[in-house]
Number of protein chains: 2
Amino acid sequence: MGTTQLESVPEPKYWHLKTVISEALDSEFEVGEILPNERELAARFGVARATLRQALEQLELEGRLQRRRGVGTTVAPPRVGVDVSTAQHRWPGTGEENWEAVDCTFAAPPAAVARLLELDTDADADADADAAGSRGAARSVHTVRRLRATRGQSVAAEQLYVPASSVPGLVTSGDTTGPVLARGVLRELALLPLDGQDRAVELGSARADDAKELDRLPGAPVLVVTTRYLSEGRTAAVSVATYRADTCRLTFGDVGDLQIAS
Amino acid sequence: MGTTQLESVPEPKYWHLKTVISEALDSEFEVGEILPNERELAARFGVARATLRQALEQLELEGRLQRRRGVGTTVAPPRVGVDVSTAQHRWPGTGEENWEAVDCTFAAPPAAVARLLELDTDADADADADAAGSRGAARSVHTVRRLRATRGQSVAAEQLYVPASSVPGLVTSGDTTGPVLARGVLRELALLPLDGQDRAVELGSARADDAKELDRLPGAPVLVVTTRYLSEGRTAAVSVATYRADTCRLTFGDVGDLQIAS
DNA sequence: TAGTGGTCTAGACCACTCC
DNA sequence: GAGTGGTCTAGACCACTAC
């Protein structure tokens, strides 16, 4: 490190720290190796623990480190490329690897999803958003929950919203929940003609339930992939999948196995 | 708020705060409206400023708030959808809107980019990574810098790496830098047949130069889009574009104008 | 010059994992 | 029970913006 007092535009300590640690990771540590604990690192660099943590947080955000409470901080492996390309033109659950349907519920979706599904188009929809009683069932959809794993590691949790009108042949046998019904919904959905999909990616933070599935703390950064499945001129289903931002690189094609981080 | 002491699994204060503020944003604030300052908000909620800041940081990450030093915290507009679909099968700079080429340099690219460009394939490449002298020119590439704006707002900064072999007809007139040459490189590149592209998206943090262009602080979260342009069986160019994660939603298709955050 | 968000400190206690 | 990262506090000062 040495003295940096000559800098006319002093960069923040945590930023400098991040650079120093990052270089150390490249040259002095192996993937999976455990770093000294935060109190020791802070003392070694002569900063407060909070400042040290700010640097570690950024490195974790960039996928360089992995921190687990009660365990320690380890050097993360390169991000895994996860294919989310839309080229295959397939319904969810048909011929895909790595996804597992774990549950299904029947309830009103979040407002943003309802908009994509073109529910709630009546004029007074916004006025009775909280009156989820009498007319709630009309706006309810099957919600299939799926998990995606790659190389033994959970990478994504998804909620797939399917209006009852998209699965007219579904036999519920009285039950509207459970993994068996989840697979039933996927099976029925696949009977529709699939005209196309469109997809969006944005940054979000993990909800409590997603965080638990992904083995992260609530609020952890995630890449939210929203997919709209189009059939016969309308939106037949909407998927909202959250991918671990620290360990995943979403690929749209076959860029392969190299990581380009900033 | 009320007392939450009955919770058997007490959630962190900042998490609860985030929820409370988020709901207040929905019901009591307009887009662009300025919030009370951090010291006042912290006092109002009865927490330390650092705790309040942790909640605000998450909300900013999710695109709900915008904070500017010396100014204040404002309610952010919904994220803008930015099309990054690969369907168009075009070279960069041909028929695209919103991108502006601002500069061009000639230098060795980062190691990860060199790998994608299939430079440095000789056996001792890793041994002389720091000996950028004699043989450095052989590994240098034209680096075109471009900026993307949407609705008057800078949303992305890109570095496009183009090996000299991809632009054999380029006339440098002695100069290997400057915006004029940048446009020349793009023009020459467009002469090649474009076989395809593949693309990857991952989370990163803004480098100092990108942060400046994007009007953010260094380290701000960004979505890094890496594109490989394929021509005649090889990688003719590589683009690394960083998009503001707080204000952008990357679209691969035409999902349109609705935001689905977590 | 006043007010804002950004950085930093030196503590404290808690939740979790592992032995 | 020992050790780890996660949360929280109550201050301080700095960099930037706008008046």
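The chains referred to below are lettered A, B, ... by the order of the sequence lines, with proteins before strands, and numbering in each begins at 1.
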Pairing residues for B:D209 by the salt bridge (Lys or Arg N to Asp or Glu O under 4.0 Å) criterion, not counting sequence neighbours: B:R207
Contacts of type side chain to side chain contact (heavy atoms under 4.5 Å, CB included), residue B:E60, not counting sequence neighbours: B:R67, B:R216
Non-neighbouring partners of A:T150 that pass side chain to side chain contact (heavy atoms under 4.5 Å, CB included), sequence neighbours left out: A:N98, A:V155
Sequence-distant partners of A:R44, side chain to side chain contact (heavy atoms under 4.5 Å, CB included), two or more places apart: A:P36, A:E40
Short side-chain N/O contact to C:dT4 OP1/OP2 from B:N37, under 4.0 Å: yes
All side chain to side chain contact (heavy atoms under 4.5 Å, CB included) counterparts of A:D215, not counting sequence neighbours: A:R244
Where protein sits on nucleotides 6-14 of chain D, one letter per nucleotide: B base, S sugar-phosphate only, - none, heavy atoms under 4.0 Å: BBSB--BB-
